[in-house]
Colleague: 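Could you have a look at this structure, given as structure tokens, before my questions?
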Amino acid sequence: MTSVSADWRARVYAVVRSIPRGRVASYGLVAMLAGRSGAARAVGNVMLQCDDASVPCHRVVHADGSLARSFARQRERLRREGVRFVGGRVDLRERLWAPRLPAAATRGARVVFRGSGGRSRWTMRKDSPAL
DNA sequence: ATCTTGACCGAAT
DNA sequence: TATTCGGCCAAGA
């Protein structure tokens, strides 16, 4: 058993709750949005213990579109949202969630993901270097 | 500080 | 396409 701190769990939940219906995000992307780039495995630790029904944990999939073995029914839940599978994997070309980033982020600005649900969005950080 | 675990990732084979 | 391997991170012991 791997434990998870309340803070980390809250960060991850906030991101997962903002994944739109019918779309999916990889563990790595969730980690990034939660402010811990590279912590994909740690996101998995949270999902493993995800009991909160308000968190659409079925929308979190592997980076290649495949699903975790131990999460039965994930496939079914995604199908119900219209997600199509190709070769046993989610068709990421069509379903991968692509959060809109501020244009400046592309040029290196520091941004932070705020909010949850439909109101979630990236915002510039006040300490972001001038561009 | 060091080690272990885990719904991970990505490149190499 | 599938498997292997090294590397990644958060928490606890």
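Each chain gets a letter, A, B and so on, in the order its sequence line appears, and its residues count up from 1. Computed from a predicted structure; not experimentally measured.
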Colleague: I'd like a table of donor-acceptor pairs (distance under 3.5 Å, sequence neighbours excluded) in which one partner is a side-chain atom from residues 27-53 of chain A, with atom names and distances.
Modeller:
residue : atom : partner : partner atom : Å
A:Gln49 : NE2  : A:Thr2  : O            : 2.5
A:Asp52 : OD1  : A:Ser54 : N            : 2.7
A:Asp52 : OD1  : A:Ser54 : OG           : 2.7

Colleague: Does one side chain, of A:Glu76 or A:His58, offer a donor that lies under 3.5 Å from an acceptor on the other?
Modeller: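 Absent: no donor and acceptor within the cut-off.
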Colleague: Looking only at side-chain atoms of A:Ala42, point me to the closest of B:dC9, B:dA7, C:dC9.
Modeller: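 Nearest nucleotide to the side chain: C:dC9.
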Colleague: Using atom CH2 of A:Trp8 as one end and atom P of C:dG12 as the other, report the distance to the nearest whole Å.
Modeller: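 Rounded to the whole Å, the gap is 14 Å.
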Colleague: When you get a sec, tell me which of B:dG6, B:dC9, C:dA10 is the closest nucleotide to the side chain of A:Tyr27?
Modeller: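 Per side-chain heavy atoms of A:Tyr27, the pick is B:dC9.
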Colleague: Dump every N/O contact between nucleotides 1-5 of chain B and the protein below 3.5 Å, one line per pair.
Modeller:
none

Colleague: For A:Ser5, give me all partners under side-chain contact (heavy atoms from CB on, under 4.5 Å), at least two apart in sequence or on another chain.
Modeller: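 With neighbours one apart ignored, the set is A:Asp7, A:Trp8.
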Colleague: Where the side chain of A:Ser5 is defined as all heavy atoms beyond and including C-beta, which of C:dA10, C:dA11, B:dA7 is the nearest nucleotide?
Modeller: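 Minimum distance to the A:Ser5 side chain belongs to C:dA11.
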Colleague: Report the residues that fulfil side-chain contact (heavy atoms from CB on, under 4.5 Å) with A:Arg93, sequence neighbours left out, ordered by chain and then residue number.
Modeller: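 In terms of side-chain contact (heavy atoms from CB on, under 4.5 Å), with neighbours along the sequence ignored, A:Arg93 is linked to A:Asp91.
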Colleague: Do any of residues 50-63 of chain A sit with a heavy atom less than 4.0 Å from DNA chain C, and if so which?
Modeller: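 Going residue by residue through residues 50-63 of chain A, none turns out to have a heavy atom under 4.0 Å of DNA chain C.
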Colleague: Quick test: give all pairs of protein nitrogen or oxygen and nucleotides 1-6 of chain C nitrogen or oxygen below 3.5 Å, distance rounded to 0.1 Å.
Modeller:
residue : atom : partner : partner atom : Å
C:dA2   : OP2  : A:Arg89 : NH2          : 3.4

Colleague: Quantified in whole Å, what is the P atom distance between nucleotide B:dA12 and nucleotide C:dC8?
Modeller: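 Here B:dA12 and C:dC8 have their P atoms 16 Å from each other.
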